[in-house]
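Quick notes on the structure that follows.
Keep in mind that what you see is a predicted model, and the values were worked out from it rather than measured. What's counted below: heavy atoms across the whole structure, side chains too, no hydrogens, waters or symmetry copies.
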Amino acid sequence: MLGPVPIAPGTVWTIAYSHLPGVNGGMAETWSQGQGHIVWDIRFPRVLLGVAVGGGLAVAGVAIQALIRNSLADPYILGVSSGASVAATLVILFGAFRFFGQYALSLSSFLGSLIAMVMVVVLARVGGRMSTTRLLLSGIAVSMIMSAATNFIVAMAPREEGIRSAMYWMMGGLTAAKWDYLTIPALVVVLGTVLLLFQYRALNALLMGEEAAVTLGVDILAFRKYLVIIAALLTGTIVSVSGSIGFVGLMIPHIARLLVGSDHRRVLPVSLLLGAIFIVWSDVLARLLLAPEELPIGIVTALCGGPFFIWLLRRSAYSFGGAK
């Protein structure tokens with residue numbers, strides 16, 4: 001309904017209803033061809049992609065925060081998004097990984113995020129142990145290296161138009177939303193969320209520390225590998241379709257824990273829902289603030305996430321897991 005071209009709610013629902021199986025072509029068109037194209041071909045896939053992107057980033061944030069038991073962790077800070085961006089810009093600007101075919105962007109982004117995550121874990125592991133401080137510092141270092149690599153790739157691009165589009169993509173957005181692009185992100189987000197829900201007891205055990213988790217029967221090493229793969233899969237897939245969008249994986253899990261407590265059986269679905277809502281409305285603001293021009297959605301999320309991050313630092317009563 002919302003956008004540079006306003007369309008009445010009744011028209012939006014009528015157009016959507018007309019595309020239901022068994023109804024298509026069976027009702028008279030009371031809307032213009034332009035309205036039908038805007039609602040069904042542009043805005044509907046964009047909103048649904050926003051749901052997948054927001055929910056996926058929030059769930060990835062939950063997994064990473066549980067992995068290292070730190071409230072400051074998210075895919076952006078730990079370099080996972082930056083790793084995916086390196087691979088994605090190679091595909092966009094130089095056509096790399098062509099042997100993956102139509103899945104080149106998604107698979108290369110997953111591999112990039114997985115490599116970045118593995119680098120963080122390996123660098124943080126000293127003497128067989130891995131501290132939260134080392135993980136955060138390793139994540140920041142890997143993120144800086146990957147960001148520098150991305151900027152180098154963009155600077156070496158042969159076409160000025162490609163550089164501009166790559167820079168805009170790096171700030172995040174849903175402009176590339178099409179019905180054909182929805183299937184893989186939606187399946188990955190649903191699969192990742194379900195797999196994490198099956199392991200909610202192990203996630204809860206991690207909140208109590210490694211020793212307590214081992215006592216409760218959790219194989220820490222194997223479970224960490226499990227979380228790394230899921231977080232990389234979610235982040236890589238999402239970055240491939242939306243670019244790098246920060247702060248969602250940081251903010252949303254905190255809000256979910258403040259609302260429902262620290263039990264991951266509730267935190268995961270609530271984070272999925274809140275992340276979807278947040279990205280959809282951030283995209284609305286990105287489209288409307290400077291209409292008909294459009295802001296990158298990463299700018300909107302950063303404007304929301306920065307103050308939230310400061311509030312989190314200043315709120316002494318809050319600690320990881322929602323305990324006070």
Side-chain angles (χ1 to χ4, degrees), residues 51-78 80 130-133 135-136 139 189-220 222-224 226-228 230-231 233-235 238 245-282 301 304-324:
V51 169
V53 167
L57 287 175
V59 170
V62 172
I64 290 177
Q65 288 180 8
L67 172 68
I68 67 174
R69 295 185 62 243
N70 192 281
S71 56
L72 302 180
D74 81 335
Y76 191 78
I77 291 174
L78 283 187
V80 186
M130 184 165 49
S131 70
T132 299
T133 304
L135 269 168
L136 281 174
V189 170
V190 171
L191 176 65
T193 305
V194 170
L195 289 174
L196 290 174
L197 278 172
F198 279 133
Q199 298 292 333
Y200 79 91
R201 289 188 178 88
L203 289 168
N204 290 342
L206 278 183
L207 295 180
M208 296 182 285
E210 288 189 15
E211 294 181 1
V214 171
T215 303
L216 293 171
V218 178
D219 185 341
I220 294 293
F223 189 57
R224 274 186 166 155
Y226 181 85
L227 290 180
V228 164
I230 291 179
L233 179 63
L234 285 168
T235 306
I238 290 166
I245 300 175
F247 288 104
V248 181
L250 173 69
M251 287 192 299
I252 301 302
H254 283 298
I255 297 172
R257 290 189 190 96
L258 290 170
L259 291 174
V260 300
S262 57
D263 186 352
H264 284 87
R265 186 170 42 178
R266 295 190 296 269
V267 170
L268 284 165
V270 171
S271 295
L272 182 75
L273 176 63
L274 292 179
I277 293 170
F278 177 67
I279 286 295
V280 168
W281 282 100
S282 294
T301 59
C304 296
F308 180 87
F309 195 69
I310 295 170
W311 171 81
L312 193 65
L313 292 173
R314 300 295 298 173
R315 191 171 187 263
S316 58
Y318 180 82
S319 64
F320 183 61
K324 295 184 179 179

Worksheet item: Side chains of Ile220 and Leu206: does their closest heavy-atom pair fall under 4.5 Å?
Response: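 Result yes, sub-4.5 Å side-chain heavy-atom pair found.
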Fill in: 4.5 Å side-chain heavy-atom contact, Val189 and Val59
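Heavy-atom side-chain distance check fails, nothing below 4.5 Å.
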Euclidean distance, [Y] [atom2] relative to [X] [atom1], rounded to 0.5 Å:
| X | Y | atom1 | atom2 | value |
| --- | --- | --- | --- | --- |
| Met251 | Ser271 | CE | OG | 12.0 Å |
| Leu67 | Tyr226 | CG | OH | 13.0 Å |
| Leu273 | Leu268 | CG | CG | 13.0 Å |
| Leu207 | Gln65 | CG | CD | 10.0 Å |
| Gln199 | Asn204 | CD | CG | 11.0 Å |
| Ile279 | Ile245 | CD1 | CD1 | 4.5 Å |

Worksheet entry | Candidate pair Leu259 and Leu274, rule side-chain contact (heavy atoms from CB on, under 4.5 Å), full reasoning | CA-CA 11 Å; Leu259 291 174; Leu274 292 179; 3.9 Å; yes
Where [X] and [Y] come nearest, the two heavy atoms and their spacing:
| X | Y | answer |
| --- | --- | --- |
| Ala60 | Thr235 | CB-OG1, 3.8 Å |
| Thr301 | Ser282 | CG2-OG, 4.1 Å |
| Leu197 | His264 | CD2-O, 4.0 Å |
| Leu272 | Gly56 | CD1-N, 4.5 Å |
| Ala205 | Ala213 | O-CB, 3.8 Å |
| Val270 | Ala256 | CG1-CB, 3.9 Å |

Worksheet item: Can you list the steps and then say if Met208 with Leu216 is a side-chain contact (heavy atoms from CB on, under 4.5 Å)?
Response: CA-CA 10 Å; Met208 296 182 285; Leu216 293 171; 3.3 Å; yes
Practice prompt. Identify the residue among Leu57, Val267, Leu227 that makes a side-chain contact (heavy atoms from CB on, under 4.5 Å) with Val62.
Written response: Val267
Practice prompt. Begin with the C-alpha distance, continue with both residues' side-chain angles, and end with the deciding distance and a verdict on side-chain contact (heavy atoms from CB on, under 4.5 Å) for Phe278 and Ile255.
Written response: CA-CA 11 Å; Phe278 177 67; Ile255 297 172; over 6 Å; no
